[in-house]
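Report on the structure given below.
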Amino acid sequence: AQSVTQLGSHVSVSEGALVLLRCNYSSSVPPYLFWYVQYPNQGLQLLLKYTSAATLVKGINGFEAEFKKSETSFHLTKPSAHMSDAAEYFCAVSRMDSNYQLIWGAGTKLIIKP
Amino acid sequence: GAVVSQHPSWVICKSGTSVKIECRSLDFQATTMFWYRQFPKQSLMLMATSNEGSKATYEQGVEKDKFLINHASLTLSTLTVTSAHPEDSSFYICSARIRELPNTEAFFGQGTRLTVV
């Protein structure tokens, strides 16, 4: 069975600093992994996805994530945080059955300090 | 990218009344749509999978008679919260995929904030 763990319910960084949001997965088959962002009172927007091509995936808004099979990780990074990056971030993995629905991490709230 | 439109974005209703939430895929056909509930500061909780032309598949613990799902066409799924009570107040979100493949992303509606008073 697949699962997703996001380390840290809250991450606080200063504006201009590196952003690192952690995601570890558990899967017995090659996973398909996703990062989504949610702004207050809105739906979710895809940031990037890993689908077994390049291990370093570039997404929107300057975010990228690296798939590391040996560490079963898919951490999200951004070199320089902007105030507009303050939001909730969710990591997800596709189930390999049942309509391939997504299994969600608990989410990490990113706080940007001026 | 594909667009999923959810309506209304917020609704306030009296306890005991019913509320219908619509989810439309605007530029693609979705044989399957997903309905989620999100409590404050928590992740998404899958409520049910809506299948076009057939009955929805509900997750364990979700009351079928309480949360009625209809997926009458390839572009529209509705969630009706029947006899709503204050504990049903929550943020409800729908999503759909263009193709039912594990490597395709889900597109989300804007969400509906339901407040039952």
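Because the structure is predicted, anything quoted here is derived from the model rather than measured. In what follows, chains are A, B, ... by sequence order, proteins preceding strands, each numbered from 1.
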Counting only non-hydrogen atoms closer than 4.5 Å, does [X] touch chain A with its backbone (N, CA, C, O), its side chain (CB onward), both, or neither?
X	result
B:Q42	backbone
B:S9	neither
B:Q38	side chain

Same cluster or not: [X] versus [Y], using hydrophobic residues (I, L, V, M, F, W, Y) connected whenever any side-chain heavy atoms lie under 4.5 Å apart?
X	Y	value
B:V81	B:F91	no
A:V57	A:I60	yes
A:V13	A:F90	no
B:Y36	B:F67	no
A:F63	A:F34	no

Would you find more than 12 non-hydrogen atoms of other residues, nucleotides or ligands less than 6.0 Å from B:H85 atom NE2?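 More than 12 within 6.0 Å, yes.
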Should the heavy atoms of other residues, nucleotides or ligands under 6.0 Å from NZ of B:K66 be counted, would the total exceed 12?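 For B:K66, atom NZ is crowded (more than 12 foreign heavy atoms under 6.0 Å).
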Nearest 0.5 Å, what's the [atom1]-[atom2] distance between [X] and [Y]?
X	Y	atom1	atom2	value
B:E105	A:L44	CD	CG	13.0 Å
A:I103	B:L46	CD1	CG	10.5 Å
A:L46	B:F107	CG	CZ	7.0 Å
A:Q101	B:R97	CD	CZ	9.0 Å

Hey, do the aromatic rings of B:F108 and A:W104 have their centres closer than 6.0 Å?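 Ring-ring flag for B:F108/A:W104: true, centres closer than 6.0 Å.
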Donor-acceptor check, side chain of B:S43 to backbone of A:G105, threshold 3.5 angstrom: yes or no?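 Yes; judged by distance alone, with no hydrogens or angles, the pair exists.
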Sidechain-backbone polar pair: A:Y36 side chain, B:A106 backbone, donor-acceptor under 3.5 Å: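 It does hold such a pair.
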Greatest number of heavy atom pairs closer than 4.5 Å to chain A - which of B:V4, B:T112, B:T104, B:L44: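 When all of B:V4, B:T112, B:T104, B:L44 are compared, B:L44 has the most.
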A:E88, A:Q42, A:Q45: which one forms the most heavy-atom pairs within less than 4.5 Å of chain B?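 The candidate making the most pairs under 4.5 Å is A:Q42.
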What part of A:Q38 gets within 4.5 angstrom of chain B, counting heavy atoms only: side chain, backbone, both, or neither?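 For A:Q38, side-chain heavy atoms alone lie under 4.5 Å from chain B.
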